[in-house]
Amino acid sequence: MPLESIGKFETKRLGVLNERGEADPDLMPQLSEEEIRRMYELMLLARVFDERAVALQREGRIGTYPPILGQEAAQVGSAFALSPGDWVFPSFREMGVHLTLGFPIAQLLQYWGGDERAQKAPEGLNIFPFCVAVGSQIPHAVGAALAVRYRRDPAVVVTYFGDGATSKGDFHEGMNMAGVFKLPMVFICQNNQWAISVPLKTQTATTSLAQKAVAYGFEGVQVDGNDVFAVYRATREALEKARGGGGPTFIECLTYRMADHTTADDAGRYRPPEEVALWRERDPITRLERFLEARGAWTPQRRVEAKEKAARVIDDAIREMENVLPPAPAELFDGVLAALTPRQTGQKKGL
Amino acid sequence: MPLESIGKFETKRLGVLNERGEADPDLMPQLSEEEIRRMYELMLLARVFDERAVALQREGRIGTYPPILGQEAAQVGSAFALSPGDWVFPSFREMGVHLTLGFPIAQLLQYWGGDERAQKAPEGLNIFPFCVAVGSQIPHAVGAALAVRYRRDPAVVVTYFGDGATSKGDFHEGMNMAGVFKLPMVFICQNNQWAISVPLKTQTATTSLAQKAVAYGFEGVQVDGNDVFAVYRATREALEKARGGGGPTFIECLTYRMADHTTADDAGRYRPPEEVALWRERDPITRLERFLEARGAWTPQRRVEAKEKAARVIDDAIREMENVLPPAPAELFDGVLAALTPRQTGQKKGL
Amino acid sequence: MAQLNMVQAINQALAYEMEHDDRVVLLGEDVGRDGGVFRVTEGLIERFGSERVLDTPLCESGIMGAAIGMAAYGLRPVTEIQFMGFTYSAFEQLFAHAARVRSRSRGRFTCPLVVRTPYGGGIKAPELHEESTEALFCQVPGLKVVVPSGPYMAKGLLLSALRDPDPVLFLEPTRLYRLIREEVPEGEYVVELGKARVARAGGAVTVVAWGSMLERVLKAVDGYDAEVLDLLTLSPFDIGAVLASVRKTGRLVIVHEAAKSCGFGAEIAATVAEEAILHLRAPILRVTAPDVPVPLAKLIDHYLPGPQQIRGALDEVLQY
Amino acid sequence: MAQLNMVQAINQALAYEMEHDDRVVLLGEDVGRDGGVFRVTEGLIERFGSERVLDTPLCESGIMGAAIGMAAYGLRPVTEIQFMGFTYSAFEQLFAHAARVRSRSRGRFTCPLVVRTPYGGGIKAPELHEESTEALFCQVPGLKVVVPSGPYMAKGLLLSALRDPDPVLFLEPTRLYRLIREEVPEGEYVVELGKARVARAGGAVTVVAWGSMLERVLKAVDGYDAEVLDLLTLSPFDIGAVLASVRKTGRLVIVHEAAKSCGFGAEIAATVAEEAILHLRAPILRVTAPDVPVPLAKLIDHYLPGPQQIRGALDEVLQY
Ligand SMILES: Cc1ncc(C[n+]2csc(CCOP(=O)(O)OP(=O)(O)O)c2C)c(N)n1
Ligand SMILES: Cc1ncc(C[n+]2csc(CCOP(=O)(O)OP(=O)(O)O)c2C)c(N)n1
Ligand SMILES: [Mg+2]
Ligand SMILES: [Mg+2]
């Protein structure tokens with residue numbers, strides 16, 4: 001019995017599309033040309049959305065905004081795998097997920113414009129409000145998954161969060177419960193390697209985030225987060241497993257925050273330009289373009305057209321957003337309680 | 001690059017003394033006869049303390065008390081490895097640690113009698129007050145270790161907690177910081193397999209608690225918690241590593257809570273008597289006696305004498321505890337602030 | 001009608017509602033096989049199964065967060081936090097989430113959640129087992145706070161809470177769990193949230209109390225012409241009832257077992273000083289614990305307000 | 001003397017104390033290389049090294065807990081919590097630990113800890129970035145709560161807090177960070193904790209405020225014979241100063257940006273209703289935010305009490 005081995009664990013990394021745009025045929029997920037085209041357009045839509053949002057903030061037309069530049073594959077690829085009944089508990093930096101799932105674009109902008117009315121997801125789209133308190137949405141997803149299981153619904157619950165969030169107790173308590181109750185869940189970590197100015201190595205002493213799943217008794221996998229096919233494949237497999245009663249999966253999408261943390265941040269203060277330049281070369285959109293190009297399905301012109309199309313969609317949304325009347329003061333009281341307290345009623349009248 | 005391995009981990013279990021009392025010579029830690037005798041006496045002291053404390057509670061002479069029956073090896077063995085300047089952040093069920101470190105016995109009883117004045121550790125003994133909020137002491141240990149490092153002190157910081165505590169965010173946040181800052185710490189988990197009525201399998205989906213260290217980038221090891229030599233060895237090694245700048249270690253002492261959760265609990269409600277019976281046969285004290293007996297260093301008479309000696313010590317402590325005058329009402333204000341606020345001053349006067 | 005104690009009355013309310021509404025599920029530490037550390041959920045796992053009565057890992061914040069997700073999904077979760085002192089680690093989930101699900105999602109999701117927790121002092125238990133920090137939670141817009149004062153009220157209020165569309169913190173005065181027996185109807189009845197109860201009519205002074213202090217107040221006022229209001233719901237509290245009584249008596253004494261500063265008594269006093277000051281003939285007195293942490297057993301009796309202090313305050317305001 | 005804004009004044013206080021007391025260490029998210037999200041700790045890691053200015057993982061509760069352990073060991077940690085809304089997850093550590101280290105250990109260990117956090121509304125930032133829940137913390141025996149109202153006070157109060165033997169929550173009104181410039185002496189000076197300041201003398205009505213509301217109040221009272229008290233320390237608050245002013249003016253208006261119910265205004269009003277009611281000629285009015293969660297940018301101006309509301313309250317009490 002002396003010094004006995006009681007557990008062996010291995011963490012793996014999934015990549016499908018290399019940086020030259022070559023897909024591993026054994027790992028390439030089943031996707032129609034049309035689906036791949038759609039993915040590409042969504043990634044461009046996310047890119048254009050992001051560019052416009054940053055510009056709107058600079059012009060003072062919306063408030064502080066957290067760019068998703070560089071994370072398009074991780075967001076679009078994962079959301080693309082979801083089914084309509086699934087539930088999503090996002091953080092605040094997954095606009096690519098919202099866009100993929102068809103969340104109204106004007107509403108996204110309206111939210112970042114400081115209007116909480118925009119957090120109301122359309123009926124039928126189970127996306128929880130943006131969650132600014134890092135990691136605190138994770139236990140909510142656990143609860144929804146408990147409810148899914150209790151109701152015997154076919155849904156899976158997905159929660160998104162960043163590398164920084166893995167340091168929070170919420171992450172731990174949520175992952176642990178998901179393991180114990182073997183819940184139909186997928187934990188998707190957008191490891192963009194920075195939490196504001198704090199680099200990954202100050203966030204954790206581990207070599208991967210995926211290995212953290214060892215602490216919870218279920219599978220964790222790292223995927224190349226700039227590889228939309230790998231992200232899609234890992235998510236789809238995890239969703240299938242969850243739907244089949246196989247329990248939760250933790251997916252680390254290793255990607256990079258190419259922009260500032262938010263429009264209120266200046267990343268130049270704390271990270272070397274070389275690092276950013278390196279990752280700029282790994283742009284997830286470029287990589288997909290290389291793949292398409294090799295198949296004869298892409299030319300630079302294709303990008304221009306797709307971007308123009310995206311820009312029209314976004315511009316419409318901006319107009320729509322800017323036509324929304326500001327909330328009336330009385331809307332302060334909207335939804336605070338199903339029925340206001342007498343004091344609230346008085347306060348509302350007194351406004 | 002397809003599905004590449006990015007990390008391999010193995011969790012090990014250390015045992016030195018088997019259930020027949022045979023020690024593995026390769027793993028047996030260096031301990032003099034005198035030290036082993038001292039360990040044995042401390043384990044018996046802990047046992048007698050525990051019996052007396054439960055009896056005192058039954059007689060209404062102290063309040064609710066959490067027995068340590070069965071955890072003597074895990075507590076004495078680990079505390080025995082500590083050096084004088086080390087810091088200890090306990091939970092509430094490590095009276096064997098306090099006894100080993102020389103914490104005044106009367107004070108232990110006084111505390112469980114509902115007198116917080118007893119939480120004042122003697123000068124020179126760096127034991128933090130009992131911590132009832134499960135797991136919440138763990139980050140304090142992290143902070144002390146940061147201070148140790150800052151001060152370049154030779155101390156190591158040890159924190160004790162149960163299996164239940166590993167589900168709390170505090171455990172996670174503390175372990176993670178310890179890994180990131182590579183702190184001189186030892187995390188000692190008393191895995192007694194129950195958290196009140198919640199069995200280990202409802203606490204975690206993992207096969208060991210030790211493997212949780214994989215999530216924090218440092219070593220975790222499981223030891224046979226009913227084997228005082230294994231516990232001692234693992235703790236001493238972890239302390240040496242920490243003192244040498246090698247960073248933290250997580251030690252899972254796999255043991256068993258042979259008694260009720262507290263004197264207010266009835267474990268018969270939720271766990272099978274066979275399980276308890278099984279573990280009663282693995283009594284850590286009996287195991288050490290078998291070891292000693294095989295060396296000709298133990299007879300049943302030896303136990304009787306040692307128990308009598310322990311009983312005298314405890315009885316003195318009980319007398320001492322019962323001679324302590326109850327706190328005066330004004331002591332409510334003791335230590336609330338270095339200087340009371342005007343309102344508090346008024347309240348104190350008005351008592 | 002059966003004579004029940006509060007543990008039984010609460011158990012009955014939970015069982016009744018679980019029987020009639022399959023959205024109601026319980027979760028918490030030891031609520032299942034053990035029936036809860038105070039046995040409040042005894043027998044429920046046997047009756048409703050382990051899918052509706054969940055023993056959870058030890059993680060109050062996670063439990064609270066999970067309950068929020070369940071509620072948003074359409075269930076009506078009831079969490080038991082083992083002692084009020086352990087709600088602190090779940091504070092963010094309650095404050096920033098449970099209470100804001102409806103407003104953040106503008107009604108798309110809601111949070112019909114009941115958080116039950118033993119509350120208050122006088123049981124000679126360990127550290128953090130006797131907290132009474134209700135005022136922390138009364139400060140949270142979107143959250144209701146209810147404190148029963150006996151078995152009958154406990155059942156009726158809990159049934160209301162279980163049907164409330166918004167989150168309710170249900171504080172169960174631990175000292176009362178088995179202290180009082182009352183007639184409790186077996187079937188369904190509700191006590192409306194937000195309404196105080198005149199526990200004793202009187203004309204010379206109004207005494208406002210709740211939870212386990214009510215029992216103490218009722219004993220202490222013997223011989224005084226005091227009107228005693230049992231607040232029952234602290235958030236939102238029954239401002240109308242308090243003002244009506246104070247306008248009649250002209251004097252107000254508030255009794256609570258929490259420390260004085262920023263205790264819930266402050267809100268009551270401030271409201272009266274705002275709305276009915278001209279009816280007051282005397283200072284508004286608060287009889288409370290002192291501004292110190294809740295002590296352990298040996299000092300708890302000196303910490304909790306006693307009958308003498310209550311009568312002292314009555315005598316003082318009656319001088320005016 | 002230099003004209004400094006509050007960011008600079010706080011930075012100077014930290015630098016001064018770090019220079020003179022090697023026990024002072026800073027920790028928090030982004031306090032090092034980034035200099036803090038508001039740049040309050042700018043330049044300190046360069047000057048004092050990464051052993052004294054620690055960038056931590058993202059875990060407020062862990063940060064707070066670690067700071068407690070550092071303080072117990074003998075250091076004087078200063079934690080920055082990035083926004084007040086993120087103190088909620090650290091609430092247990094503050095409430096059940098920081099504030100009780102001294103009493104639980106009966107003085108064997110202490111907790112000289114300063115928790116700094118940006119506080120309050122009006123900066124049009126995301127959710128949870130504009131909270132003003134000071135009253136939660138004023139309810140904690142063993143914890144002090146300080147709110148500067150400008151650069152001069154900020155530096156002097158922070159130096160006091162850094163030297164205080166007990167934990168201090170130092171709330172920095174975010175809206176004021178760069179709004180006001182004042183002469184701030186370069187060297188050492190302290191402003192005593194627990195003392196209010198008469199920000200403007202007057203005879204007809206007392207207005208109590210703190211933090212960013214002070215600035216608003218001072219503008220609003222123009223033309224009124226109002227005495228304005230800047231509370232500066234909320235816990236313990238300067239009861240004597242409030243009572244003295246109210247006894248003189250006979251009227252009290254309290255202004256705070258937190259929601260009304262159980263806001264800190266309640267404690268002030270209750271104290272006055274207890275100690276000086278016979279001096280009052282008018283109801284005690286609280287001008288506060290309504291009982292709703294802090295809204296996002298589009299509604300924040302309707303949430304925060306404005307000059308009109310303040311003047312409305314003054315007009316009302318002056319009628320009596
Ligand atoms: C609990 C909490 N603490 C601090 C913050 C301030 N903050 C906003 S985002 C952020 C970093 C988050 O890092 P990560 O989880 O990696 O997500 P990312 O921003 O990279 O998408 C911080 C510290 C917050 N929003 N919530
Ligand atoms: C935060 C918190 N939640 C709940 C409790 C009530 N409680 C006391 S001990 C305990 C179980 C602890 O289990 P474990 O960590 O395994 O330690 P053990 O009691 O087995 O020594 C619980 C739930 C508590 N003290 N603290
Ligand atoms: Mg990140
Ligand atoms: Mg245990």
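The model shown is predicted, which means the values in this text are computed figures rather than measured ones.
- Comparing Ala118(B), Pro122(B), Ala133(B) by heavy-atom pairs within less than 4.5 Å of chain D, the highest count is held by Pro122(B).
- Contact of Ala96(D) with chain B is not made at all, since no heavy-atom distance falls under 4.5 Å.
- Of the atoms belonging to Ile127(B), it is backbone heavy atoms, and not side-chain ones, that fall under 4.5 Å from chain D.
- In this structure the side chain of Val272(D) reaches within 4.5 angstrom of the side chain of Leu243(D), judged on heavy atoms.
- Within the 4.5 angstrom heavy-atom criterion, only side-chain atoms of Val180(B), from C-beta onward, approach chain D.
- Contact between Ala53(B) and Leu109(B) at its shortest, heavy atoms only, is CB-CD2, 4.2 Å.
- For chain D, the option among Val142(B), Leu125(B), Leu340(B) with the highest count of heavy-atom pairs below 4.5 Å is Leu125(B).
- Contact of the Leu108(B) side chain with the Leu99(B) side chain is registered, since non-hydrogen atoms from C-beta on lie closer than 4.5 Å.
- At a threshold of 4.5 Å between non-hydrogen side-chain atoms, the residues Arg47(D) and Met18(D) do not count as touching.
- Among Pro141(D), Pro57(D), Gly107(D), Pro165(D), the residue with the largest count of heavy-atom pairs under 4.5 Å with chain B is Pro57(D).
- For chain B, the option among Leu27(D), Ile63(D), Ile68(D) with the highest count of heavy-atom pairs below 4.5 Å is Ile68(D).
- Considering CZ of Phe264(D) and NE2 of His256(D), their distance stands at 9.0 Å, rounded to 0.5 Å.
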Before you tell me yes or no, could you show the steps for Phe89(B) and Phe128(B) under ring-ring contact (aromatic ring centres under 6.0 Å, His included), namely the whole-Å CA-CA distance, both residues' side-chain angles and the distance that decides it to 0.1 Å? CA-CA 5 Å; Phe89(B) 291 79; Phe128(B) 225 56; 4.7 Å; yes
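- Val157(B) does not touch chain D: none of its heavy atoms, backbone or side chain, sits under 4.5 Å away.
- Contacts with chain D were tallied for Ala338(B), Pro342(B), Gly174(B), Ala339(B); Ala338(B) has the most, counting heavy-atom pairs under 4.5 Å.
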Could you list each N or O donor-acceptor pair linking chain D to chain B at a distance under 3.5 Å?
residue, atom, partner, partner atom, Å
Asp22(D), O, Tyr150(B), OH, 2.6
Asp22(D), OD1, Arg151(B), NH2, 3.3
Asp22(D), OD2, Arg151(B), NH1, 3.1
Glu51(D), OE1, Arg152(B), NH2, 3.0
Glu51(D), OE2, Arg152(B), NH1, 3.0
Arg52(D), NE, Tyr150(B), OH, 3.3
Gly62(D), N, Glu173(B), OE1, 2.6
Ala66(D), N, Pro139(B), O, 3.4
Tyr73(D), OH, Asp153(B), OD2, 2.4
Gln93(D), OE1, His140(B), NE2, 2.7
Gln93(D), NE2, Ser136(B), O, 3.0
His97(D), NE2, Ser136(B), OG, 2.7
Ser103(D), N, Gly335(B), O, 3.0
Arg104(D), NH2, Phe130(B), O, 2.4
Arg106(D), O, Lys120(B), NZ, 3.4
Arg106(D), NH2, Glu331(B), O, 3.3
Arg108(D), NE, Ala121(B), O, 2.9
Arg108(D), NE, Pro122(B), O, 3.4
Arg108(D), NH2, Pro122(B), O, 3.3
Arg108(D), NH2, Leu125(B), O, 2.6
Arg108(D), NH2, Asn126(B), OD1, 3.4
Asp166(D), OD2, Ala338(B), N, 2.6
Glu267(D), OE2, Arg343(B), NH1, 2.6
Glu267(D), OE2, Arg343(B), NH2, 3.2
Thr271(D), OG1, Arg343(B), NH2, 2.8

Tell me, with the steps shown, if Leu128(D) and Phe86(D) meet side-chain contact (heavy atoms from CB on, under 4.5 Å). CA-CA 7 Å; Leu128(D) 292 168; Phe86(D) 308 134; 4.0 Å; yes
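- Neither the backbone nor the side chain of Leu58(D) comes within less than 4.5 Å of any heavy atom of chain B.
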Could you walk me through whether Phe91(D) and Phe137(D) pass the ring-ring contact (aromatic ring centres under 6.0 Å, His included) check? CA-CA 9 Å; Phe91(D) 195 74; Phe137(D) 301 95; 5.6 Å; yes
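- Ala13(D) and Leu162(D) make their closest contact through O-CD1, 4.0 Å (heavy atoms, listed as atom of the first residue, atom of the second, distance).
- At least one side-chain heavy atom of Val246(D) sits less than 4.5 Å from a side-chain heavy atom of Leu280(D).
- When the ring-ring contact (aromatic ring centres under 6.0 Å, His included) test is applied to His20(D), the partners found at least two apart in sequence or on another chain are Tyr16(D).
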